[in-house]
S.K.: 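So that we are looking at the same thing, I have put the structure below in structure tokens.
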Amino acid sequence: MLTVAIPTYNGADRLPIVLEALLAQVETQAIDWEIWVIDNNSDDRTREVVAAFQARSPRIHWDQEPQQGAAFARQRAIARSGAAWVAFLDDDTVPDPDWVARVWQFAQGDWVDRNLVGAFGGRILPVLEGPEPVGFARIRSLFAIVDRGDQPFVYEPGRGLLPPSAGLVVRRAAWLAAVPPRLILGGRTGNTWLTSEDLEALVYLQRAGYSVAYCPALRLSHRLPATRFTADYLRSFAQGIGWSRYVVRLLRVDRSRRFLIPWFYGLSDLRRLLRWWLQHPGGWRSRDPVLVCERSLLISTLTSPWVMGRWFRDREQRGDRQVIARAAQRAAGSSQPLTPQIAIAIPIYNGADRLPALFDRLQALEIPPGLRWEIWAIDNNSSDGTIAQLRQIQQTWNRCPLHISQEPRQGAAFARQRAVRLTAAPWVAFLDDDNWPEPDWLREAIAFAEAHPQVGAFGGKVLGAYAIDPPPALRDLEGYLAIRSYPEFADRPGPFLVQQLRLPPAAALIVNRAAWLATVPPEPQLSGKLAGRFVQGDDYEPLLYLARAGWEIWFAPRLKTHHQIPAWRLDRAYLIRLARACGLATFALKRIITPPIAWPGLALRIMVANGYKALKLRSLRQDADLSIALTATVRQAFFWGCALSPLAQLRLPRLRKPKT
């Protein structure tokens, strides 16, 4: 479903043109879409105009937003919509006849899915209702006029280039996950000219790992009346843009580096102002509209750190509190009426042969009455026909919505990140494609989640299902194969010991989505097993971020799944390699929950203690009992991996500071 949202303030004269253009859209027969007009306290005939159009089409809806500002009106539209995508139009932007059809076509494309696009915009062409001012080309970008070529692309994070709100299409689940309910910049109102509230929202999306894209097929016409080209209007208009730039600049960098922004950008802004003065010596006193606009923009940008500094800090702290409150609300189980209560996410790499058996088990799940659930199958660059197999299963699957997506970045951690961001369900249950749940698994999972809303994640028992009889020694090594029964809990629920890295594997993990989005960085450091790099820990890494932020990780004894273990995974060489890979992640994991000042001491303790343990096992490797020798050899490989893990850290991506 698609929602077209039009925030308006005193738009009685402008709205009819936009609504007529929407009602005349072509090629929309197969699209389920609606129109929401959000009235932002208009005192003209806006309500009557909308009512007249409502009589013509049931597609049109009206609502009022009492808080003044376009940002609040857009938030109201997001709240009222139940669609997957929300397209914003200003009341002075007129879409082409096929605009809705092209929006829907682009939103459903594989390119959007592969790039995890959270928002996209298109071309905006000007329609001037008066003569064009001399030099207008120099300031046209300030008026939301966009034409960036004929090829779609993803805007580079951290750069100043982003699409304006007019014609912006956002993924609603991404907006709800990343954008605070109250932006720092609210938009122009009667007593403030601060703008760029649309750029602020897009920066939040980029910070949360979503892409912002350009779609050249989308075309709008921006109607610009002559009153917008007077010197007085342009002075205030440009001043609001200049002051807002400081806010957007700060949001793009980590808080630890923000003190550099006034100096770094200040020198650049001063250079631009001096260059403009040399190019236009008489520009200081000129009443030429374009020169007035440029002068006001440059001066306000240069002075924005002093004008906006304290105000920004107060607003951001308030926004942080709202984000935390919203996360707590979602953790308590609140959701939109049609939002799934839980999503099963299945990362898949070359799993075509394993999928039929897994979906047979999913077909047998016991579903409580009224439970809303969905499945997200995330293909991670498979080359064995996995997508074709999923499409075939999708044709006959009727138990719940089955979504198929692709994650181009290699690694199970990236596939899990994509699933968490794509779904809107408050709980996400991970299943590996070789992990079969018992029939009551989903029922017990949702029951535990509802009984423990304060938990950040939980997991149950993972039992081994061996293709051949395992050697006796393997019972002592099952932990490396993600087979866990946790006898220390005595079949009672309780929190895991995070400091000891005693945590559940991701093979059958259920996570609180709000907690994940609030604490886990979008770019994991440990991505999972890759060609040429065999380092584990990708399932523990997000759990440690959750724990560091105060979320508990619990054991749920009623949850049971069966991990399918083929014969090749019992090979001695594979077990040694697997154990070493688990050990190599030790330092990267433990330093997440260790203050940076203690990292050198942590590295020394890990190297010395585990090197000593590895040396102690040397004699047991020569034991005549093959069972004892195998156990000692595998454990020695683990300890050597632990001892070398501080050095392995040098080959991993930089550890990023999580969102707060």
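Quantities reported herein were computed from a predicted structural model and do not represent experimental measurements. When a residue number appears, it is its place in the shown sequence, counting from 1. Only this structure's heavy atoms are used, side chains among them; waters, hydrogens and symmetry mates stay out.
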S.K.: Can you see whether Y204 engages E200 through a side-chain donor-acceptor pair at a distance of less than 3.5 angstrom?
M.R.: yes
S.K.: Below 6.0 angstrom between ring centroids: does that apply to Y480 and Y574?
M.R.: no
S.K.: Using side-chain heavy atoms (C-beta onward) and a distance below 4.5 Å, is I404 in contact with D379?
M.R.: no
S.K.: So does R361 have more than 12 non-hydrogen atoms from other groups sitting under 6.0 Å from CZ?
M.R.: yes
S.K.: Kindly state whether the ring of W516 and the ring of F430 have centres lying under 6.0 angstrom apart.
M.R.: yes
S.K.: Would you check if V455 and N512 make a side-chain contact, meaning some heavy-atom pair closer than 4.5 Å?
M.R.: no
S.K.: side-chain contact (heavy atoms from CB on, under 4.5 Å), that's the test. Do I375 and I346 meet it? Break it down for me.
M.R.: CA-CA 8 Å; I375 298 174; I346 310 171; 3.9 Å; yes
S.K.: Give every donor-acceptor pair under 3.5 Å between a side-chain atom in residues 600-614 and any protein atom, sequence neighbours left out.
M.R.:
from: N610; atom 1: ND2; to: I606; atom 2: O; distance (Å): 2.9

S.K.: Are W551 and Q454 linked by a side-chain donor-acceptor pair shorter than 3.5 Å?
M.R.: no
S.K.: Which value, rounded to the nearest 0.5 Å, describes the distance between C400 atom SG and I342 atom CD1?
M.R.: 11.0 Å
S.K.: Decide yes or no for E541 and I592: does some side-chain heavy atom of the first lie under 4.5 Å from some side-chain heavy atom of the second?
M.R.: yes
S.K.: Salt bridge check, K461 against D491: does any charged N sit closer than 4.0 Å to a carboxylate O?
M.R.: yes
S.K.: Salt bridge check: are R418 and E407 linked by an N-O gap of less than 4.0 Å?
M.R.: yes
S.K.: Identify whether the distance between the nearest side-chain nitrogen and carboxylate oxygen of R354 and D434 falls below 4.0 Å.
M.R.: no
S.K.: Between the side chains of T561 and E438, is a donor N or O closer than 3.5 angstrom to an acceptor N or O?
M.R.: no
S.K.: Quick check: does any side chain N or O of S211 sit under 3.5 Å from a backbone N or O of V117, one acting as donor and the other as acceptor?
M.R.: no
S.K.: Ring centres under 6.0 Å, that's the criterion: do F458 and F555 meet it?
M.R.: no
S.K.: When you compare the side chains of N435 and H562, does any donor N or O come within less than 3.5 Å of an acceptor on the partner?
M.R.: no
S.K.: Quick one: does T594's side chain have a donor or acceptor within less than 3.5 Å of a partner on K590's backbone?
M.R.: yes
S.K.: Could you check whether any side-chain heavy atom of I468 comes within less than 4.5 Å of a side-chain heavy atom of I565, counting everything from C-beta outward?
M.R.: no
S.K.: With side-chain contact (heavy atoms from CB on, under 4.5 Å) as the test, would you mind laying out the steps for R572 and L630 before giving the verdict?
M.R.: CA-CA 8 Å; R572 179 177 182 274; L630 176 62; 3.7 Å; yes
S.K.: I want to check something: taking the side chain as every heavy atom from C-beta on, are F448 and W554 in contact at a cut-off of under 4.5 Å?
M.R.: yes
S.K.: With sequence neighbours excluded, tell me which residues meet side chain to side chain donor-acceptor pair (under 3.5 Å) with R635.
M.R.: none
S.K.: Name the one of D539, N380, D538 that satisfies side chain to side chain donor-acceptor pair (under 3.5 Å) with R416?
M.R.: D538
